Undergrad: 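Okay, here's the structure, questions in a sec.
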Number of protein chains: 2
Amino acid sequence: MPGVTTGEPETPATLGRPRDPDLEQAILDATVEVILQRGYSATKLDEIARRAGTGKAAIYRRWASKTDLVIAAAQSLQAEVTLPDEGSLRDDLLVCVRHYVTPTARAALVLANVLNEMPHDDDVREAAIASIARPAAQALRTVIDRWIAGGAVDPAVPAGLVASIVPSMAFHRVALLRQGLDEETAVALVDSVLLPALGVATPRPACDA
Amino acid sequence: MPGVTTGEPETPATLGRPRDPDLEQAILDATVEVILQRGYSATKLDEIARRAGTGKAAIYRRWASKTDLVIAAAQSLQAEVTLPDEGSLRDDLLVCVRHYVTPTARAALVLANVLNEMPHDDDVREAAIASIARPAAQALRTVIDRWIAGGAVDPAVPAGLVASIVPSMAFHRVALLRQGLDEETAVALVDSVLLPALGVATPRPACDA
DNA sequence: ATTTTACGGGACCACCGAGTACCGTAAGAG
DNA sequence: CTCTTACGGTACTCGGTGGTCCCGTAAAAT
């Protein structure tokens, strides 16, 4: 019962009218929109169908349940995360942090809406986190580790902790304050928090030298 | 309609059997427990009543709706927040940050569960945030501002941003990772993130001097 | 042309949970 | 003792929604 249908149901189906190739994405998009606007529990399949310009039958032909649909919708938001390799630590960080700036943050909002509201199902939780939260967070972590390996950052800094600051802030703002990170805050975060924590003085000369 | 019953319903009632003075708290406690365990939408009034050892009638005699009950339960968690005044910035920060360490974090979990799941009602959201999240966050902010005023911290640091780091991390961990802040992480946060961001070098000599 | 499967959409069912009503009983005030 | 209100508990109403069925139609293969 709690099994999560990861792929498509079954039939390869070479016979008969083929499925509308665009409809699947339209349904997923509609799902995301409704979740964003109403929250998970107030998300009704009828509304999703209506917004996707289709019927519930078409939805259930693709996913076995509302839960499966929502998981798929969450996964469809999986952002392209490119590991930055600008010349400087600061620029690398900026690129990573920009993943969290407003437009991209749609995904985080979906995550926030789905997470706690979802019938406490660990599969769902895991799927949502893995597809939405993890990639961007991992990029940040990797960048920091790389600069530590390069010797530019003191290996003694708790990289995991520092790497989790921005994801946390982004999630917090979006979930509680209902506003994504703006560019300005993102830059401030890098210059006034991350770099100092990484032992790199930029914003102000912290030393009297 | 969307009005939130802040106080008790109406009757002062000097006549007849008085209300059980303990029952109210028992119901609130049960509510918190169920929310913690099941999440908001899976929280059924029947279960709350059962756990509180009472009936639904007794609940509805005190609160007009499930929403009102949940708000009251959230407010009942309002922690005592004492503005610390140890001798040092570090110690003040530690006191503040400890508000977020595990046991206290129960409140945050309730917040997380209630927030996104709650029928998108801004009153509810506001009430929950104000009673649970704000006090501790405000304390942190005040402490930082005070040390800036005292001249120990550069006024150029974005106090609001820095003050929001710990609340964000706490919320993030509790909402996503299902684990509160532990003491160890809290200390690391102060020493390796907050203090550096505030321009106070402690963990490592950031200067070559 | 026939078969097969998808389509949009309407009707429907089954279940679940908030809220209500009412029971017999307990505990105060007068 | 009587009146009034709270108590624990059960049974009920009733609206909402996930999920199913089925319709007439559309689009592909044979």
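Every chain is numbered from 1 and lettered A, B, ... according to where its sequence line falls, protein lines coming before strand lines. This structure is a prediction, so every number in the text was calculated from the model and none was measured.
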Undergrad: Nearest-Å distance, CD1 (B:Ile59) to P (C:dA21)?
TA: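 After rounding, the gap between these two atoms is 17 Å.
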
Undergrad: Rounded to whole angstrom units, what separation is found between the CG atom of B:Asp68 and the C1' atom of C:dG19?
TA: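 It works out to 13 Å between those atoms.
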
Undergrad: Considering only heavy atoms from C-beta outward, does the side chain of A:His99 approach that of A:Leu140 to under 4.5 Å?
TA: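 Side-chain contact under 4.5 Å: no.
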
Undergrad: Checking all strands, does A:Ala49 fall into the base, sugar-phosphate, or nothing category for heavy-atom contacts under 4.0 angstrom?
TA: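 Touches nothing.
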
Undergrad: Please tell me which of the listed nucleotides, D:dC7, D:dT20, C:dA6, lies nearest to the side chain of A:Arg62?
TA: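 Side chain of A:Arg62 sits closest to C:dA6.
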
Undergrad: May I ask you to decide if B:Leu181's main-chain N or O and B:Thr185's side chain share a donor-acceptor pair within less than 3.5 Å?
TA: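 The answer is no, because no donor-acceptor pair under 3.5 Å joins these two groups.
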
Undergrad: Can you tell if the side chain of B:Gln75 reaches within under 4.5 Å of the side chain of B:Leu28, non-hydrogen atoms only?
TA: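 Heavy-atom side-chain distance check fails, nothing below 4.5 Å.
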
Undergrad: Nearest to the side chain of A:Ala58 - D:dG8, C:dG19, C:dG8?
TA: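 Of the candidates, C:dG8 comes closest.
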
Undergrad: Tell me the interatomic distance from B:Leu15, atom CG, to D:dT5, atom P, rounded to whole angstroms.
TA: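 Checked: the CG to P distance equals 5 Å.
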
Undergrad: Rounded to the Å, how far apart are A:Arg50 CZ and D:dT17 P?
TA: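 After rounding, the gap between these two atoms is 13 Å.
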
Undergrad: At under 4.0 Å, does any side-chain N or O of B:Arg17 touch on OP1 or OP2 of C:dA26?
TA: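 So the side chain of B:Arg17 is outside the cut-off, no N or O lying under 4.0 Å from OP1 or OP2 of C:dA26.
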
Undergrad: Between B:Gly16 and B:Lys56, who's closer to the 5' end of DNA chain D by nearest nucleotide?
TA: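 That would be B:Gly16.
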
Undergrad: Just to be sure I understand the rule, does B:Asp20 reach a base, reach only the sugar-phosphate, or reach nothing, if contact means heavy atoms closer than 4.0 Å?
TA: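 Answer is sugar-phosphate: B:Asp20 comes under 4.0 Å of backbone atoms only.
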
Undergrad: Could you state the atom-to-atom distance from NZ of A:Lys44 to P of C:dG9 in whole Å?
TA: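 Distance check: A:Lys44 NZ to C:dG9 P gives 20 Å.
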
Undergrad: Check step by step if salt bridge (charged side-chain N to carboxylate O under 4.0 Å, His left out) holds for A:Glu24 and A:Arg61.
TA: CA-CA 10 Å; A:Glu24 178 150 336; A:Arg61 209 169 287 125; over 6 Å; no

Undergrad: Judged by each residue's nearest nucleotide on DNA chain D, which is more toward the 5′ side, A:Pro18 or B:Pro18?
TA: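 Its nucleotide being nearer the 5' end, the pick is B:Pro18.
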
Undergrad: So, OP1 or OP2 of C:dT5: does either fall under 4.0 Å of a side-chain N or O from A:Arg19?
TA: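 False: A:Arg19 side-chain N/O out of range (4.0 Å or more) of C:dT5 OP1/OP2.
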
Undergrad: Counting heavy atoms from C-beta on, name the nucleotide in C:dC7, C:dG19, C:dA21 closest to the side chain of B:Ala57.
TA: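 Looking only at heavy atoms from C-beta outward on B:Ala57, the closest nucleotide is C:dA21.
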
Undergrad: To the nearest Å, how far apart are B:Glu47 CD and D:dG8 P?
TA: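 Atom CD in B:Glu47 sits about 17 Å away from atom P in D:dG8.
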
Undergrad: Check the distance between D:dG9's C1' and B:Arg61's CZ and give it to me in whole angstrom.
TA: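 That distance rounds to 11 Å.
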
Undergrad: Take the protein atom CG of B:Asp46 and the nucleotide atom C1' of D:dC12, then report the distance between them rounded to whole Å.
TA: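 The answer, rounded to whole Å, is 12 Å.
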
Undergrad: Using a 4.5 Å cut-off on heavy atoms from C-beta on, say whether the side chain of A:Asp91 contacts that of A:Val95.
TA: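 Side-chain contact under 4.5 Å: no.
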
